[in-house]
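Beneath this line is the structure, given in structure tokens, with notes to follow.
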Amino acid sequence: MRLTLLGTGSADGWPNPWCECASCGWARVHGPRGQTAVLVDGRLLLDFGPDVPRAAARFGVSLAGLRHVLIGHAHPDHLGPDALMWRSWSSVAQEPLDIVAPPAALDVCRTFLRRWEGREPGTDGSPLRLLPAVAGGPLELGEPGEADEPGEAGEAGSDGGSRYLVRPVAARHGGADIGPAVLYDVTAPDGARLLYGCDTAAPLPPETLAALTGRAFDVVLLEENNGDRPGFGEHLDLPSFTGLVAQLRGLGAVGPGTRVLAVHLSHRNPPGDELARRLAELGAQAPPDGTVLDIPAGSASAPMPAPMRAAPLSAPAAAPSPETARRILITGGTRSGKSAHAEHQLLAEPDVVYVATGRPADGSDADWAARIQTHRDRRPGRWATVETLDLEPLLRSPGPPLLIDSISLWVAARLEEPDFAQSVAGLVDAWRATRRRVVAVTDEAGSGPVAPTPLGRRFVDRLGEVNARLAAESDEVWLAVAGVPVRLRPR
Ligand SMILES: [Zn+2]
Ligand SMILES: [Zn+2]
Ligand SMILES: [Zn+2]
């Protein structure tokens, strides 16, 4: 499946052309985003806003091969029927074209075509076919391959056919004026599976969650209109986007290798570089308009998303954000924001085991108890907590991601044991070999004055060594300073 992102922006685009907020200023300089629309294999188009024809022209993409258009709902940024008139003046005016949309959107197309073409779609030689999209009613578009049995309603094969299997599912979006909106579950002829989740708020309707369970999509495009400013329309913001990605992971709709892309982005988001960082923490990305992505069938079950070979058709607007890493070490001083940054890395995971290596609150130290409570309040309730110094067995066994807080407390607890060196060697080996995602927090040794006691000096020395050995075996190393996480490696 080849995706061409014709647009990744909100209804008003990003920047909003009238707006002078900081987020719009960034987008104006680093690359604007038009209304969200995605071309699949040059044959199938997801959403059909008025920006589509211009975006295709700007990125050097021909729409001549387009045979199926899927529209999520009748809001005007998803539905620009005037493009059908421009098509009727082209060299492919008589080639068939399916328009799949909820009834209210089909009505808009029908009214437009009556007005400007003077005929009903499908009559008087019109090559257009209007097909209602109804949640739960699967559609087969295009021709099956040779190996397919006639009338077989199974998954698409990889036998050269051009058949797309399309399942509309209910969105949490729409209303009395436009009727229900739908999202699309699309299986391409090569078997690759895509979820197009645009537009919707959370939570998704129960029947949609049931329909998506176990689908193991290879790519998920999910709207994230509202960023840090919730409350505009029925849209996702960063926290609800995060929660929905976690839920889809929990349901098996998103696998470890699924590429999760945020679309329908507006200036309610933080500036693009900050957004890229925040999305990367969730294993998600927001590639620029014009990006071309090849998504192989079966990607969802890969250990993590394949490196993104995004080919922007225009000059790259924003660097692709980093991939999800398996071993992440986050160091920093006290109250530097290192624990919060560690937690953000795993917020989009359905299950996380929080491994506390510090001594539990026993009532003897009110300040210590308050610190532990602050950390606990910040973590999602669904996370499990394990209090242990036995990190090796956890790292060596399969299971949900681990958040280890912290390596420094582990060193402090183990320092005076006679087999300390062996414990460190075991920890580093298990860290290197682990098959789990693991984020570990540690303290940056030696930023303060030299410790006055021999034990204090020994602690700083050993902690520095352990940090360096773990960092050498980490996919990513971060330093938190004054609440700002800085990635040290890879640079
Ligand atoms: Zn929209
Ligand atoms: Zn703005
Ligand atoms: Zn909408």
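Since the model is a prediction, treat every value here as computed from it, not as a measurement. Whatever order the structure lists ligands and atoms in, that order sets their numbers, starting from 1. Residue numbers start at 1 and run along the sequence shown. All values below come from the heavy atoms of this structure, side chains included, with hydrogens, waters and symmetry mates left out.
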Is the Zn ion (ligand 1) less than 2.8 Å from an N/O/S atom of [X], whether that atom is in the backbone or a side chain?
{"X": "D77", "value": "yes"}
{"X": "C198", "value": "no"}
{"X": "H78", "value": "yes"}

field: the Zn ion (ligand 3): angle it makes with NE2 (H73) and NE2 (H173), nearest 10 degrees
entry: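 Output for this angle: 100°, rounded to tens.
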message: Tell me the angle that SG of C24 and SG of C21 form around the Zn ion (ligand 2), rounded to 10°.
response: 110°
- request: Quick one: report the N, O or S atom of D199 that is nearest to the Zn ion (ligand 1).
  value: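 Checking each N, O and S atom of D199, the shortest distance to the Zn ion (ligand 1) belongs to OD2.
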message: Does H173 form a ring-ring contact (aromatic ring centres under 6.0 Å, His included) with H78? I'd like the steps, not just the answer.
response: CA-CA 13 Å; H173 195 82; H78 299 257; 7.1 Å; no
field: Main-chain N/O of R229 paired to D237 side chain as donor or acceptor, under 3.5 Å
entry: no
task: Check whether any side-chain N or O of S10 sits under 3.5 Å from a backbone N or O of N225 as a donor-acceptor pair, and report yes or no.
output: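 Not confirmed, S10 side chain does not pair with N225 backbone.
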- request: Count the heavy atoms belonging to other residues, nucleotides or ligands that lie under 6.0 Å from CZ of R54, then report whether that count exceeds 12.
  value: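 Atom CZ in R54 is not packed in, count stays at 12 or less.
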- prompt: So which N/O/S atom does H75 have closest to the Zn ion (ligand 3)?
  reply: ND1
- prompt: Can you name the N/O/S atom of H267 that is nearest the Zn ion (ligand 2)?
  reply: ND1
- prompt: Do R489 and E476 pass the salt bridge (charged side-chain N to carboxylate O under 4.0 Å, His left out) test, and can you show the C-alpha distance, the side-chain angles, and the key distance before you say yes or no?
  reply: CA-CA 5 Å; R489 249 206 18 240; E476 283 184 13; over 6 Å; no
message: Is the positively charged end of R167 above the ring of Y184, judged by distance under 6.0 angstrom from the centroid and angle within 45° of the axis?
response: no
